[in-house]
2 protein chains.
Amino acid sequence: MALPPRATRIADVAALAGVSTATVSRTLANPEVVSPQMREKVMAAVRQTSYTRNIVAANLRSRQTMLVLVVVPDIANPFFAEVLRGIDKTLSGSGYGIIIGNLANSAAKEAHFVDLVFSGQVDGVLLLCGHVPQGKGRQMDVANVPLVAVCEFIPHVTLPQVGIDNQAAAQRVAQYLVGLGHKRFAYISGPASNILDKQRDAGFGNGLKAAGIRKPHLRFEGDFTFQSGALAATEFLTLKQRPTAIFAANDEMAIGFLKTVQKSGVKVPRDVSVVGFDDIEYSEYCEPTLTTVHQPRSALGAAAARLLLDCMQGHEEIAKPRSQYLEAPMVERLSSAVIG
Amino acid sequence: MALPPRATRIADVAALAGVSTATVSRTLANPEVVSPQMREKVMAAVRQTSYTRNIVAANLRSRQTMLVLVVVPDIANPFFAEVLRGIDKTLSGSGYGIIIGNLANSAAKEAHFVDLVFSGQVDGVLLLCGHVPQGKGRQMDVANVPLVAVCEFIPHVTLPQVGIDNQAAAQRVAQYLVGLGHKRFAYISGPASNILDKQRDAGFGNGLKAAGIRKPHLRFEGDFTFQSGALAATEFLTLKQRPTAIFAANDEMAIGFLKTVQKSGVKVPRDVSVVGFDDIEYSEYCEPTLTTVHQPRSALGAAAARLLLDCMQGHEEIAKPRSQYLEAPMVERLSSAVIG
DNA sequence: TTTACCCATGTAATCGATTTCACAGCTAAA
DNA sequence: TTTAGCTGTGAAATCGATTACATGGGTAAA
């Protein structure tokens with residue numbers, strides 16, 4: 001096969017400057033170890049030939065690619081996009097680049113990402129996908145490359161993880177709603193077996209109990225989609241004694257619920273208070289604006305990236321960076337109020 | 001510096017199978033050129049050692065990285081995220097990976113991306129950023145790597161580009177509004193010197209003229225933000241003879257306008273029709289839902305990626321893939337109606 | 001003055017795969 | 001039977017940088 005044309009090599013620069021390739025390499029990587037006049041001579045030759053180091057060749061020898069794989073379920077999801085921004089800011093600050101691993105429900109792609117890791121194409125991996133990727137009979141975490149999980153917790157695994165304390169946040173929502181004087185509650189759940197949902201569910205239940213609510217709260221089954229929130233609303237509307245406070249496991253469902261009950265003349269927050277989770281952009285714009293738990297998405301990404309940097313630059317002493325939990329404050333907007 | 005530990009090499013596999021490294025390499029890359037029994041022997045050794053090819057080494061020799069750089073102004077922008085999805089689908093189908101080049105207004109990062117290209121780290125580049133990246137005194141397009149521009153047109157440049165025909169789309173909006181019986185129009189512009197704005201502006205003006213509207217339309221200066229749409233609205237409200245049809249250069253501004261006039265009791269579409277551009281997700285959810293021009297974002301990404309693949313796999317005959325324009329239909333929703 | 005060491009530089013091995021070239025064995029045509 | 005051609009395999013060059021090791025000149029300590 002025809003190979004692409006070659007560019008100027010380090011040898012060209014060395015020849016022009018009348019020095020060895022070793023000296024050129026050192027001038028570029030550790031300028032302080034070469035004498036000033038030599039440095040000047042080499043830099044002149046570099047400029048003259050407009051030389052750029054071949055990173056691939058450098059990678060081969062130094063066994064580093066300065067690339068991090070970020071595995072996401074779906075790049076088009078704005079939630080992850082914001083996390084990505086935080087990741088990028090931190091990683092690019094340390095000279096690392098990002099390879100996007102978009103799962104898109106494809107086992108083939110997942111296997112390919114596992115290969116990337118085993119074949120030394122990346123120096124580290126950030127997992128936003130809630131599981132350890134696998135393919136061709138092996139798991140990503142048995143490769144000799146550091147992994148850090150973010151946002152979507154991965155159970156039964158010893159990786160460092162970064163996220164928020166979902167349970168505590170949900171508990172605070174419960175306290176808040178009880179504080180507003182509510183007595184009858186409902187929870188709109190996420191998909192069965194989703195770990196985030198389990199934590200938020202548990203936190204909400206505990207919070208109610210802790211605040212002295214005896215009566216068990218209602219439960220609508222959802223799956224994190226707008227539609228499932230709407231479905232919960234139609235169920236809600238059939239009830240003769242309706243709950244006055246709704247906590248949805250995410251904002252999409254909260255908004256789906258809210259829009260649907262409004263169509264039947266139910267007023268929010270007069271008749272029912274609604275609280276979501278995530279603080280997606282839309283929650284600031286819908287009518288009424290949505291009270292919700294704010295996830296510091298960019299900060300989550302940045303924290304995870306920093307953790308990964310520690311692992312990659314792994315001074316042995318700090319070889320075990322531990323998991324981190326970030327603050328997730330509730331932001332009060334107009335969809336919740338004291339009981340009328 | 002301590003190097004990471006080494007993995008199994010092709011030489012290990014060759015030794016185990018009792019063949020040369022050349023044969024192993026061929027078995028993996030072109031199985032059809034080795035004899036079946038040899039193939040079996042090698043594959044057994046591969047399985048036994050759980051060998052994975054070192055991609056970096058392969059890249060060095062074959063001068064291909066199977067990586068494409070995608071330069072975006074801001075990864076957190078949902079518009080680009082959707083384009084990215086189309087890109088990813090096409091590129092990953094052909095075995096290419098994606099490196100994200102998030103500009104984030106940083107000249108240093110831009111320069112770094114230029115370096116990536118010149119240093120042979122990527123095989124091709126997709127530009128969603130409306131300009132040819134440059135840094136350290138050189139432009140990306142003088143490197144020997146194919147570039148394709150998407151969405152944001154780059155003027156005065158011979159690259160293949162993929163986008164929609166903004167002018168034609170805006171012209172259709174004008175026709176549509178005139179068809180509804182409107183007589184007084186206003187345009188909310190994008191930032192000065194933005195090429196997309198210029199095209200939409202021109203198209204709208206031409207469309208009105210072509211439909212027989214003599215009176216020049218009003219013009220509110222905006223910058224693509226929600227706030228600038230709101231600002232246009234306050235200006236609009238002070239007018240004694242208000243336009244009845246508003247075309248905003250993007251959806252954010254259209255919605256900013258819409259929300260703001262509603263607060264003053266102006267009814268949409270009874271008192272004024274509003275049309276946006278882009279068809280962002282929110283335009284389907286706002287009240288009333290927004291009539292707008294739909295950009296086939298994912299398809300745009302996919303088309304650009306296909307074009308780039310052609311360039312990269314560059315059979316000389318088709319070495320000049322030309323620019324492409326995709327259909328951008330107007331979608332009629334509830335923010336526009338016949339004049340009351 | 002001698003010994004020891006350091007510093008700046010050069011020489012050459014090395015990273016791990018791909019690929020060119022040479023060659024042996026075999027088949028088909030002359 | 002000889003010649004040409006084809007096929008499958010191995011030996012070794014190669015991609016382009018980094019870096020271990022060697023070396024020579026200089027300075028400081030003994």
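If you're wondering where the values come from, they're calculated on a predicted model, not measured in any experiment. Values below: all heavy atoms of this structure, side chains included; hydrogens, waters and symmetry mates excluded. To find a chain, count down the sequence lines: A is the first, B the second, and so on, and within it residues start at 1.
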Show me the donor-acceptor pairs, under 3.5 Å and distance only, between side chains in residues 25-32 of chain A and residues at least two apart or in other chains.
residue	atom	partner	partner atom	Å
A:Thr27	OG1	A:Thr23	O	2.6

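- For the atom pair CE (A:Met66) and CG (B:Leu116), the distance works out to 11.0 Å, reported to the nearest 0.5 Å.
- Residue contacts shown for B:Val19 are limited to sugar-phosphate atoms, with no base heavy atom under 4.0 Å away.
- Exactly one of B:Leu147, B:Leu307, B:Leu308 qualifies for a side-chain contact (heavy atoms from CB on, under 4.5 Å) with B:Pro160. That residue is B:Leu307.
- Contact check of residues 31-41 of chain B against DNA chain D (heavy atom, cut-off under 4.0 Å) returns B:Val33, B:Val34, B:Ser35, B:Met38.
- On a pure distance criterion of 3.5 Å, a polar donor-acceptor pair joins the side chain of A:Arg26 and the base of C:dG10.
- Rounded to whole Å, atom P of C:dC15 lies 11 Å from atom CG of B:Asp12.
- Between A:Tyr51 and D:dG16 there is no side-chain polar atom (N or O) within less than 4.0 angstrom of OP1 or OP2.
- Rounded to whole angstrom, the span from the CG atom of A:Asn54 across to the C1' atom of D:dC15 amounts to 8 Å.
- Taking atom CG of residue B:Leu28 and atom P of nucleotide C:dG16, one finds them 16 Å apart after rounding to whole Å.
- The stretch residues 76-132 of chain B participates, sequence neighbours left out, in no ring pair (Phe, Tyr, Trp, His ring centres under 6.0 Å) pair at all.
- What separates CZ of B:Arg61 from P of D:dA12 is a distance of 16 Å, to the nearest Å.
- The CD1-P distance, from A:Ile10 to D:dT19, rounds to 11 Å in whole Å.
- Look at CD1 on B:Ile55: it is 17 Å from C1' on D:dC15, rounded to the nearest Å.
- For C:dT18, one of the phosphate oxygens OP1 or OP2 lies less than 4.0 angstrom from a side-chain nitrogen or oxygen of B:Arg53.
- Taking five base pairs at each end of the helix from C:dT1-D:dA30 to C:dA30-D:dT1, the local helix axes there meet at an angle of 40°, rounded to 10°.
- Counting only N and O atoms by type, the side chains of B:Asn54 and A:Ser119 include no donor and acceptor under 3.5 Å apart.
- Contact annotation: A:Ser20 side-chain N/O to C:dT9 OP1/OP2 distance is not under 4.0 Å.
- Listed pair B:Thr23 / D:dG10 meets the phosphate criterion, a side-chain N or O lying under 4.0 Å from OP1 or OP2.
- Every salt bridge (Lys or Arg N to Asp or Glu O under 4.0 Å) that A:Arg138 has, sequence neighbours left out, goes to A:Asp115.
- Looking at A:Lys89 and A:Glu82, no side-chain N of the basic residue comes within less than 4.0 Å of a carboxylate O on the acidic one, giving no salt bridge.
- No donor-acceptor pair under 3.5 Å is formed between the side chain of A:Asn77 and the backbone N or O of A:Asp74.
- In terms of heavy-atom proximity, A:Thr21 sits nearest to A:Ile10 at O-CD1, 3.7 Å.
- For the pair A:Arg9 CZ and D:dC15 P, the computed distance is 7 Å after rounding to whole Å.
- B:Asn30 places its CG atom 15 Å from the C1' atom of D:dT7, with the value rounded to the nearest Å.
- Looking at heavy-atom distances under 4.0 Å, B:Ala22 makes contact with a base.
- Taking B:Asn102 as the reference, A:Asp88 meet the side-chain hydrogen bond (donor to acceptor under 3.5 Å, both in side chains) condition, with sequence neighbours excluded.
- At least one side-chain nitrogen or oxygen of B:Arg63 sits closer than 4.0 Å to the OP1 or OP2 atom of D:dG16.
- Note on B:Ser25: a side-chain N or O is less than 4.0 Å away from OP1 or OP2 of C:dT18.
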